[in-house]
Amino acid sequence: MNKLHVKKGDTVEIISGKDKGKKGKVLEVSPKEQKIIVEGINVAQKHVKPRAVGQQGGIVSVEAPMYACKAMLVCPKCGKRTRVAHKILKDGTKERVCMHKDCGETF
């Protein structure tokens, strides 16, 4: 069973690598590979051939996948990067919670 601490749509901050300190939104999650794609982070240049008649070819910038362990979740309330704690509700469902003492926001 492969689980990640981030989900699609979360805001994350990069904690290591060439984009350290940058924030972005998670566009895609791949739990099997333990990788994520973040908007505007880990941008690579891709050479594209024209496939149809009249289509333009050239060099395109695309976001490349990166390991999820290089990103930390950012709390929407306090704006700080945080680890994810889990809180079990009375009905048996789990919620993710900010670990900062003064925050405790669920997301």
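- We find the SG-NZ distance between C98 and K80 to be 8.0 Å, quoted to the nearest 0.5 Å.
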Check step by step if side-chain contact (heavy atoms from CB on, under 4.5 Å) holds for R96 and K7. CA-CA 11 Å; R96 299 183 302 162; K7 295 181 180 180; 4.1 Å; yes
side-chain contact (heavy atoms from CB on, under 4.5 Å) between V12 and V38, intermediate numbers included: CA-CA 8 Å; V12 293; V38 184; 4.0 Å; yes
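- Using a 4.5 Å cut-off on side-chain heavy atoms (C-beta onward), Q34 and N2 make contact.
- H5 places a side-chain N or O within 3.5 Å of a backbone atom of A71 that can act as its donor or acceptor partner.
- In the hydrophobic cluster analysis, where Ile, Leu, Val, Met, Phe, Trp and Tyr join through side-chain heavy atoms closer than 4.5 angstrom, V6 is grouped apart from I37.
- Of the candidates L73, T11, V74, D10, L73 is the only one forming a side-chain contact (heavy atoms from CB on, under 4.5 Å) with F107.
- K94 NZ: 12 or fewer foreign heavy atoms inside a 6.0 Å radius.
- In this structure, S30 and P65 have side chains that are not in contact, with every pair of non-hydrogen atoms separated by 4.5 Å or more.
- To the nearest 0.5 angstrom, R81 atom CZ is 9.5 Å from K23 atom NZ.
- Residue M72 is not grouped with residue V29 when hydrophobic side chains (ILVMFWY) are merged at heavy-atom distances under 4.5 angstrom, including chains of intermediate members.
- To the nearest 0.5 Å, atom NZ of residue K18 and atom CD1 of residue I41 are 10.0 Å apart.
- The structure places OH of Y67 at 12.0 Å from OG of S16, a figure rounded to the nearest 0.5 Å.
- Here CD of E13 is found 10.0 Å from NZ of K20. Values are rounded to the nearest 0.5 Å.
- In this structure, I88 places its CD1 atom where only 12 or fewer heavy-atom neighbours from other residues, nucleotides or ligands lie under 6.0 Å away.
- Distance check: Q45 CD to I59 CD1 gives 6.5 Å after rounding to the nearest 0.5 Å.
- Applying the 6.0 Å contact sphere to NZ of K35 captures more than 12 heavy atoms from other residues, nucleotides or ligands.
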Test log, rule salt bridge (Lys or Arg N to Asp or Glu O under 4.0 Å), inputs K87 and E95: CA-CA 5 Å; K87 180 179 168 183; E95 279 192 341; 5.5 Å; no
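- In this structure, the side chains of I36 and E28 stay at 4.5 Å or more apart for every pair of heavy atoms.
- Hydrophobic clustering (side-chain heavy atoms under 4.5 Å, transitive across Ile, Leu, Val, Met, Phe, Trp, Tyr) groups L4 together with I14.
- At distances below 3.5 Å, not a single donor-acceptor pair connects side-chain atoms of N42 with backbone N or O atoms of E63.
- You'll find the side chain of H100 reaches within 4.5 Å of the side chain of T82, heavy atoms only.
- When all heavy atoms of Q55 and R51 are compared, the pair lying nearest together is OE1-N, 3.1 Å.
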